[in-house]
Amino acid sequence: MHNLTILEQDTAVNYEELTYPYYRRLLQELTPEKSVVAIGVELESEPIGLILATYWNSSDDSTIYAKILSLFVVPSYRCQGLGKALLGRMETELQSRGCSEVSLSYLESPNSPTLEKILNQSNWTAPNATALICYATRVKLKQASQPHLIEYLEKLEKKLPPSYTIFFWRDLTAQEREAIESQKQIDTLVRRFNPFTEESKIEPLNSLGLRYQDRIIGWMITHRTAPDTIRYTQLFVEPDFQPLSRSILMLVKSILIHVEKAPEATKATWRTEINNLPMVNFIYRRLAPYLDEIRKSFLTTKSLKA
Ligand SMILES: CC(C)(COP(=O)(O)OP(=O)(O)OC[C@H]1O[C@@H](n2cnc3c(N)ncnc32)[C@H](O)[C@@H]1OP(=O)(O)O)[C@@H](O)C(=O)NCCC(=O)NCCS
C-alpha cells in the first residue's frame with residue numbers, strides 16, 4: 001500500500017506539477033499559519049498523487065469551513081484507489097483541525113464520472129450545478145462580426161434613447177466611482193455585481209459602462225486573467241433600466257471590440273450563475289454558435305461533524 005503523507009514546504013515543491021498553476025504558490029508557502037493542507041503520495045520518491053485544501057473561520061460564527069482546491073493522480077496510477085484514499089485522508093485531517101464542513105467545486109469533464117463515483121462512495125452530497133463556464137477562441141468569436149449581426153446591433157443601439165450612452169470603463173470619473181461605491185453600501189445587486197473586484201486585472205480594451213443622463217446604471221467589466229485570456233466577468237444593468245437588450249448591447253459591443261482590437265490568440269471566457277436564467281438562456285440560444293465550449297461547474301459538500 002502506498003504511503004500518504006502530509007506535505008511540508010520543503011517536500012511540497014516536488015508536487016507542483018500535480019496541481020493547477022494558480023495553486024502552486026500555496027505549496028511554496030506551506031507554513032502552519034497558512035491554513036492550507038497538502039497530502040501527497042509517492043512511489044520510489046516520485047510524486048504520483050496530490051490533494052490540496054484550505055480552511056477558514058466563518059465570519060458569522062465560529063464554524064470552520066474547508067474547501068478542496070485540487071485532487072490529482074498521475075494517469076498511469078489511476079483506478080488503484082489512490083484518489084479515494086487521498087480524499088479520505090484529507091477529510092480526516094480537516095476534521096482533526098476542527099473543520100465542520102468541506103466543499104469541492106469542479107468543472108464537468110470526461111473525468112467527472114470517476115470523481116463523482118469517488119464522491120458518492122465517500123458519502124458527499126449529490127453534486128449541484130452552480131454555474132456555466134463558456135470558452136471561445138478569437139477565431140470562433142470572430143463569427144459574431146457577420147453583417148447581419150452587426151445590423152442587429154446597430155438596430156438595438158438606435159433604439160437606445162439619447163439619454164443613454166455607452167462609454168469605456170477606463171474613462172470612469174472619480175466622482176462616478178464614488179457614487180457607485182456609495183450605492184454598493186445600500187444596494188445588494190451592485191454589491192453582487194461589484195465592478196471594482198480584481199481591479200488590477202480589469203481589461204481597459206473592452207470594459208464598458210452604461211450611463212443614463214449623468215448616472216452610471218450598468219457595466220460590462222472584463223478581466224485579463226492570463227496573457228492570452230479575457231474573462232467577461234460582470235454584466236449588469238440596474239433592474240429599473242433593463243430590458244435585457246441593454247446589457248446584451250454592452251456584451252456584444254465588448255465582444256466586437258475584442259475581435260477587432262485584441263491580438264489573434266486572445267481567448268474569451270464567461271462565468272454565469274446557473275440561477276441567472278435570462279443570461280443562461282441567452283448563452284444557449286444566442287451565444288452558443290460563437291463558443292467553443294460550454295461547461296457546467298458543480299458543487300458538492302460533506303459534513304465533517306462527528
Ligand atoms: C479524479 C481522480 C483524482 C481519481 O483518481 P483515481 O486514483 O483514479 O481514483 P480511485 O482509483 O480512487 O477511484 C476511481 C473510481 O472511479 C471508477 N471509474 C474509473 N473510470 C470511470 C468512469 N469512466 N466512470 C465511472 N467510474 C469510473 C473506478 O472504477 C474507481 O471506482 P472503484 O474503486 O469502485 O473501482 C483522477 O482521475 C484524476 O487525477 N483526474 C484528473 C483531475 C481531476 O479531475 N480532479 C478532480 C477535480 S479537482
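Atoms within a ligand are numbered from 1 in the order they appear, just like the ligands themselves.
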Problem - ligand 1 contact by Glu116, heavy-atom criterion under 4.0 angstrom - result: no
I'd like to check which ligand 1 atoms, numbered from 1 as shown, lie under 4.0 Å from a non-hydrogen atom of [X].
X: Lys84; answer: 12 (O)
X: Gln121; answer: 32 (P), 34 (O)
X: Gln80; answer: 11 (O)
X: Gly81; answer: 10 (P), 11 (O), 12 (O)
X: Leu115; answer: 46 (C), 47 (C)

Handout entry: Distance-only donor-acceptor check, side chains Ser207 and Thr222, under 3.5 Å
Key = yes
Nearest protein heavy atom to [atom], by residue and atom, and its distance?
atom: atom 42 (C) of ligand 1; value: Leu71 O, 3.5 Å
atom: atom 28 (C) of ligand 1; value: Cys79 SG, 4.0 Å
atom: atom 36 (C) of ligand 1; value: Arg78 NE, 3.5 Å
atom: atom 4 (C) of ligand 1; value: Ile118 CD1, 3.6 Å
atom: atom 39 (O) of ligand 1; value: Val73 N, 2.8 Å
atom: atom 26 (N) of ligand 1; value: Lys117 CD, 3.5 Å
atom: atom 16 (O) of ligand 1; value: Thr114 CG2, 3.3 Å

Handout entry: Face-on cation placement of Arg170 at Phe167 ring, 6.0 Å and 45° thresholds
Key = no
Problem - Ring-face cation contact, Tyr55 with Arg97, 6.0 Å cut, 45° max - result: no
Would the distance check show the side chain of [X] and the main-chain N or O of [Y] forming a donor-acceptor pair, the cut-off being under 3.5 Å?
X: Thr233; Y: Arg231; result: yes
X: Ser122; Y: Ile118; result: yes
X: Arg191; Y: Gln185; result: yes

Problem - Closest to atom 7 (O) of ligand 1 among Ser112, Gly83, Pro75, Pro113 (heavy-atom distance) - result: Gly83
Problem - Heavy-atom nearest neighbour of atom 2 (C) of ligand 1 within options Asn111, Ile68, Leu82, Thr19 - result: Asn111
Specify the closest pair of heavy atoms between [X] and [Y], including all atoms of both residues, with the distance to one decimal.
X: Thr300; Y: Tyr106; value: CG2-CE2, 4.2 Å
X: Ser45; Y: Pro47; value: O-CD, 3.6 Å
X: Ala262; Y: Arg138; value: O-NE, 3.0 Å

Handout entry: Any N/O pair Ala85/ligand 1 closer than 3.5 Å
Key = no
Exercise for the section: Kindly assign one of parallel, tilted or perpendicular to the pair Trp270 and Tyr232, based on the angle between their ring planes and the thresholds 30° and 60°. Expected result: parallel
Problem - Heavy-atom side-chain proximity of Leu172 to Phe196 below 4.5 angstrom - result: yes
Handout entry: atom 30 (C) of ligand 1 protein-contacted (non-hydrogen atom, under 4.0 angstrom)
Key = no
